[in-house]
Protein chains: 2
Amino acid sequence: MKSTGVTIADVAREAGVSPMTVSRALREPERVSAKALKQITAVVDRLGYQPDPYAQALAAGRTNVIAVIIPSVTNNVFADVMRGIYAIFEGTRWQVQLGNSRYSADLEEALTRTFLRQRPAGMIVTGIDQTAVTRQLLADAPCRLVQIMELGDTPIDMMVGFSHREAAQDATRHLLDRGYKRPGFIAARIDPRTQRRRLGFEDVARQSGVYDPNRIITTLEPSTVTLGGRLMAQMLEQSPDTDSVLCNNDDLALGALFECQRRGMTVPDRVGICGFNDLEMMAAAYPTVTSVKSYREEMGRQASTMLLQTLNDDEPTTPIVDLGFDIITRESTTRTFDDK
Amino acid sequence: MKSTGVTIADVAREAGVSPMTVSRALREPERVSAKALKQITAVVDRLGYQPDPYAQALAAGRTNVIAVIIPSVTNNVFADVMRGIYAIFEGTRWQVQLGNSRYSADLEEALTRTFLRQRPAGMIVTGIDQTAVTRQLLADAPCRLVQIMELGDTPIDMMVGFSHREAAQDATRHLLDRGYKRPGFIAARIDPRTQRRRLGFEDVARQSGVYDPNRIITTLEPSTVTLGGRLMAQMLEQSPDTDSVLCNNDDLALGALFECQRRGMTVPDRVGICGFNDLEMMAAAYPTVTSVKSYREEMGRQASTMLLQTLNDDEPTTPIVDLGFDIITRESTTRTFDDK
DNA sequence: CAACAGAATGATAGCGCTATCATTTGTCAA
DNA sequence: TTGACAAATGATAGCGCTATCATTCTGTTG
């Protein structure tokens, strides 16, 4: 039943002090005399003592768990966010624990319950579209929280993100500025963020008089490069005069690019392509692909830093952070002529 | 200091039984009378009781944690493995906990210690190149273990993987079979698996008399599509007559493809390209790209299933599983002529 | 109907740690 | 040297649960 075997009592005995002093030496060394500290440290090292995190959690009533809920572990976008989160918490006493909601609000609710049962020290959750119950759970939780990826008017606590709708608006405007007259929009895995991007596309398309529902193709399927090709093919079949596409993400954009090449339709001259997220590969593609850059790793870092501040009893200066976005213009939307 | 507030004692009081009976009702319902069970279940639901996992762990001396150590969270390959792992454990009482060794054996050792301190119910670790200390820690651990990704002669416990060296041998042979005479090898983020793939390439290159150290380019940088382009460029500069490349992974292969296109070198006629892992995008690229398919998600599923069996006190029928690999031949190595 | 096996339940004692408060030790001014 | 006060340490009592064993309650049998 025993684990490592070495308990705080063993250390205390060997060091000739009480368990309480050992406990202190480990957590608040400044409250222990230099002599005792040295003694204890030596024994800890010699015995290889490691505190039992469960006993600590139970006795102290709090944990060192940072619970993170993301919709997908296989999506590059969240992988980047995670890298930012790990970058901040690695080497600290906080332990990141990952939960995967698989784009389901119900699963997210269940996950939230599971996590809260563990009394996390802090939480990071994705997006602003939690169920009412989840929102309530999070609001009542005895820990601080950062919502990431998006911005919204009703933050539960803290927030780091950017406006997907505005980003899509700007990207659509970019296509029009580049002389494209009949832009389309393709999207897969319709989640709330995707929806807002579509709205952004529609905003600008409508207001510029180029809106055509036949140039909007969405599907619930998970997004892949192959699917990008398929959606592009569908677009060109149902609206052959489409001269550009805003893709909901870079996988789709890459697939669309390949599909155009396969059909001998030159990019950017015959078809302009704009992706979303600006994954690393977009700059390496041939032709290079324009994309909406989002600051994903920075988002993870910011969220973690803010959480860390609250854990140290500092209030972050800005509890709501807009990281913005940038349209990274590349060859795929840079025509060599204008078909006016 | 209290958490949810509702403890097992509260439930017991309300249900008019002892805490012990509640504890039993929750974990071994068949050992409790139907009447008591119904009573208790009702109270649990009404009060929304959730057992405290820390108290459970401390009292029972075991946990429901499955510890998984992978070298990277942002690498598609491991994302796929994780998907397989989650697929098996989701919905069970086991909780997957992820650790990121960032391709460092020392970090892996530290992580292993951290995880073992938590007395996981089972572990999944990547590869076979642990430090001696890590190996010892794992061997002594009071839980079962699966090593994934590779095969080796000295498994610590169970193992699911495939031979990277043989895979690279086959891929190299494939290039030669397709009529390529001067194959090269490019690799980034040199980890032990990459090394073995290089050995596989060298095996066949040597034995076919086409070995040329100037056609092997490796770097410690993390692998990206952009880097694939750069390494390909370097290859074509230092060995301009290279007529094909085996890429250590698909990101590099895609970068190499783009670089060739940028230089107007036709793929597959002027240069053949073979990737490794067979990520989804390889089938969508233009031209489609040949790659060594590895069964990553299946690897995660197998490892998890085996672990689950041991957790249920069944011994898996095969503790060492070779999932093999397949060369998926596509356009990028299908020449329309033979330059013999 | 006594006797008894087996099922159901409960009392007790921790798991390894920390919060709290009491006690001891050390330091310094008067 | 003494008293006052702070610093250092320790004794005690749980945190919420489960393992273990003792007890009580069935139901069955001769």
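In what follows, chains carry the letters A, B, and so on, assigned in the order in which the sequence lines appear, proteins first and then strands, with residues in each chain numbered from 1.
Ring planes of Y103(A) and F78(A): perpendicular class, angle over 60° (limits at 30 and 60°).
Qualifying side-chain contact (heavy atoms from CB on, under 4.5 Å) partners for L138(A), counting only residues two or more places apart in sequence or in other chains: T112(A), M123(A), V125(A), Q130(A), T134(A), L145(A), I156(A). With sequence neighbours excluded, the residues forming a side-chain contact (heavy atoms from CB on, under 4.5 Å) with A15(A) are V17(A), Q39(A), I40(A), V43(A), listed by chain and number. With sequence neighbours excluded, the residues satisfying side-chain contact (heavy atoms from CB on, under 4.5 Å) with E28(B) are R24(B), E30(B), R31(B). Considering only residues two or more places apart in sequence or on other chains, F162(A) meets the ring-ring contact (aromatic ring centres under 6.0 Å, His included) condition with H164(A).
Under the 4.0 Å criterion applied to side-chain N and carboxylate O atoms, E108(A) and R102(A) are not assigned as salt-bridge partners. With salt bridges taken as basic N to acidic carboxylate O contacts below 4.0 Å, none links E90(A) and R83(A). With respect to D191(A) and R189(A), no salt bridge is recorded, no charged nitrogen being found less than 4.0 Å from a carboxylate O.
Straight-line distance from the NZ atom of K35(A) to the P atom of dA8(D): 12 Å, rounded to whole Å. I8(B) places its CD1 atom 19 Å from the P atom of dG14(C), with the value rounded to the nearest Å.
Distances shown here put every side-chain N or O of Y54(A) at or beyond 4.0 Å from the OP1 or OP2 atom of dT18(D).
Nucleic acid contact for A36(B): sugar-phosphate only, since backbone atoms but no base atoms lie under 4.0 Å from a heavy atom of the residue.
In the set dT9(C), dC17(C), dC17(D), dC17(D) carries the atom at the smallest distance from any side-chain atom of A55(B).
Against DNA chain D, the stretch residues 12-31 of chain B makes heavy-atom approaches under 4.0 Å through M20(B), S23(B), R24(B), R27(B).
In the helix from dC1(C)-dG30(D) to dA30(C)-dT1(D), the terminal helix axes, each the rotation mapping four pairs' C1' atoms onto the next four within five end pairs, subtend 40°, rounded to 10°.
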